[in-house]
Asker: 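Just passing along the structure, written as structure tokens.
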Amino acid sequence: MTTLMEKAHAGLVTDEIKCVAVNEGADADDVRKYLALGHIVIPKSINSKSHPVGIGKLMRTKINANIGTSRDYVDIEAEVIKAITAEKYGADTIMDLSTGGDLDLVRKRIIDAVNIPVGSVPIYQAAGKGIEAMTSDDMFNAVRIHAKDGIDFVTIHAGVNHESFRRLKNSDRILDVVSRGGALTLSWMKHNYEENPFYAEYDYLLELAHEYELTISLGDGMRPGCINDASDRAKFEEFIQLGELVKRARATGVQTLVEGPGHVPIDEIGLSVTSMKHLTENAPLYLLGPLVTDIAPGYDHITAAIGGAVAGMHGADFLCMTTPAEHLALPDQDDIREGTIVTRIAAHAADLTKDGVSERARAVDREMALARKELDWNKQFRLAIDSEKAKKIHARSKNVDTCSMCSELCSIKMMREVMGKK
Ligand code: SF4
């Protein structure tokens, strides 16, 4: 089989590339060129029915919504509704992070429910029988099962290995490892006195990814879990290794994303993003936030959006949605809605500053400014990221053509007269 990356290398502008180019207002041959270089990915596996979505250079900043059961809370219908909700409110991709119940069933139901690419973390399924019983075959088999079901991209924590673990042990971190996949991998390595199979047998993983056209999202198992740990040696050690793994994947025609932190104070985000981009030779960068402070549980969708906007401005390509439930509980449908919308705001704020994207993004803001000047409420609602909420709040302003904020003292209205533009 020839992968999309190999076709792009050969100069072919495939249907997926054409579709992404149209959606992004980009030149199709530029998309092909950057896909061949690995600076753009289009996660779409051979068994997938998802619409092609481009992530990376020249692309609008994308957002992912995490959903999935936990071992305490298994309600497949609720997860399907969350997936539909995330897509409705603008998620570009979904990740099924389920760890409880019938994982095969919930994955299939979620894939069937949405039209956007779906990702997963196969080690969660492999570890279902317990870390002590899990074998390296279980880990690779889980990847194959997910690929057969039509998963488009998989998080693989191949950068969690003896070398990055050594760095971690020598560090002064407060929160050692907060990545669930990272912690599972280290527990397995400790129990078996062996190297991480996804690292030791990375070539086999690439064969599997090539066979199913799976995009590998190289997980940041050593990601910082608090701002104190944001820019330490363990994180950068992992990134050096992820850069090498990206290079090996590209050489075999397999598309890769790289995942990043986590929790980073605002003044370290630029350094974090640019060094990750540099070490991975401009692989599309997928950030989990980053949250810019640790003291706002209940509002972590906002702390993450602040970080996501700054990170996007510095070159992050893909933002993982954070919900108000982060650090507190499994998110419900309202949390997913709120988190998706807030992350879209962060992505759009970043797009206003990005080469190749800002012109389109700024045109929407300009339209909104003109609609405000015209006091054209319907147009404002149409352009709003969350039109439902905007409409609901404006409905409190009864019997005025302006709004109840200033009513008759509406400065827009007054200035029409001042400027002679009735
Ligand atoms: S009333 Fe005030 S807030 Fe409302 S549209 Fe006019 S200037 Fe803006």
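Atoms within a ligand are numbered from 1 in the order they appear, just like the ligands themselves. Computed from a prediction, not measured in an experiment: that's the story for all the values here. Throughout, numbering of the chain's residues begins at 1 and tracks the sequence.
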Asker: For ligand 1, which atoms have a heavy atom of L375 less than 4.0 angstrom away?
Answerer: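 Result: 5 (S).
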Asker: To the nearest 0.1 Å, how far is atom 8 (Fe) of ligand 1 from its closest protein heavy atom, and which atom is that?
Answerer: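 Minimum-distance protein heavy atom for atom 8 (Fe) of ligand 1 reads I412 CD1, 4.2 Å.
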Asker: To check your reading of the model: name the closest protein heavy atom to atom 2 (Fe) of ligand 1, its residue, and the distance in Å.
Answerer: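 Sorting protein heavy atoms by distance from atom 2 (Fe) of ligand 1 puts C406 SG, 2.2 Å first.
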Asker: Quiz question: by atom type and distance under 3.5 Å, do the side chains of R180 and Y124 form a donor-acceptor pair?
Answerer: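 Judged by distance alone, the side chains do pair up.
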Asker: If the cut-off is 4.0 Å to any non-hydrogen atom of M405, which atoms of ligand 1 fall inside it?
Answerer: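 Counting from 1, the qualifying ligand atoms are 3 (S).
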Asker: With a 3.5 Å cut-off and no angle check, do the side chains of D365 and H348 form a donor-acceptor pair?
Answerer: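 Indeed, the side chains of D365 and H348 share at least one donor-acceptor pair under 3.5 Å.
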Asker: Would you mind checking if D386 and R337 are paired as a salt bridge, meaning a charged N to carboxylate O distance below 4.0 Å?
Answerer: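 Here R337 pairs with D386 in a salt bridge, since their nearest N and O are under 4.0 Å apart.
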Asker: Using a strict 4.0 Å cut-off to heavy atoms of S411, name the atoms of ligand 1 that fall inside it.
Answerer: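 Ligand 1 atoms under the 4.0 Å threshold to S411: 7 (S).
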Asker: Report yes or no: do H157 and T185 form a side-chain donor-acceptor pair below 3.5 Å?
Answerer: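 Absent: no donor and acceptor within the cut-off.
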Asker: Would one find an N, O or S atom of C403, in either backbone or side chain, under 2.8 Å from atom 4 (Fe) of ligand 1?
Answerer: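 It does: C403 brings an N, O or S atom closer than 2.8 Å to atom 4 (Fe) of ligand 1.
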Asker: Establish, from distance only, whether the side-chain atoms of H146 and Q125 form a donor-acceptor pair under 3.5 Å.
Answerer: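 On atom types as modelled, these side chains qualify, holding a pair under 3.5 Å.
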Asker: Would one find an N, O or S atom of C410, in either backbone or side chain, under 2.8 Å from atom 2 (Fe) of ligand 1?
Answerer: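 C410 does not place any N, O or S atom closer than 2.8 Å to atom 2 (Fe) of ligand 1.
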Asker: Does K7 come within less than 4.0 Å of E213, counting only side-chain N to carboxylate O?
Answerer: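 E213 and K7: not salt-bridged.
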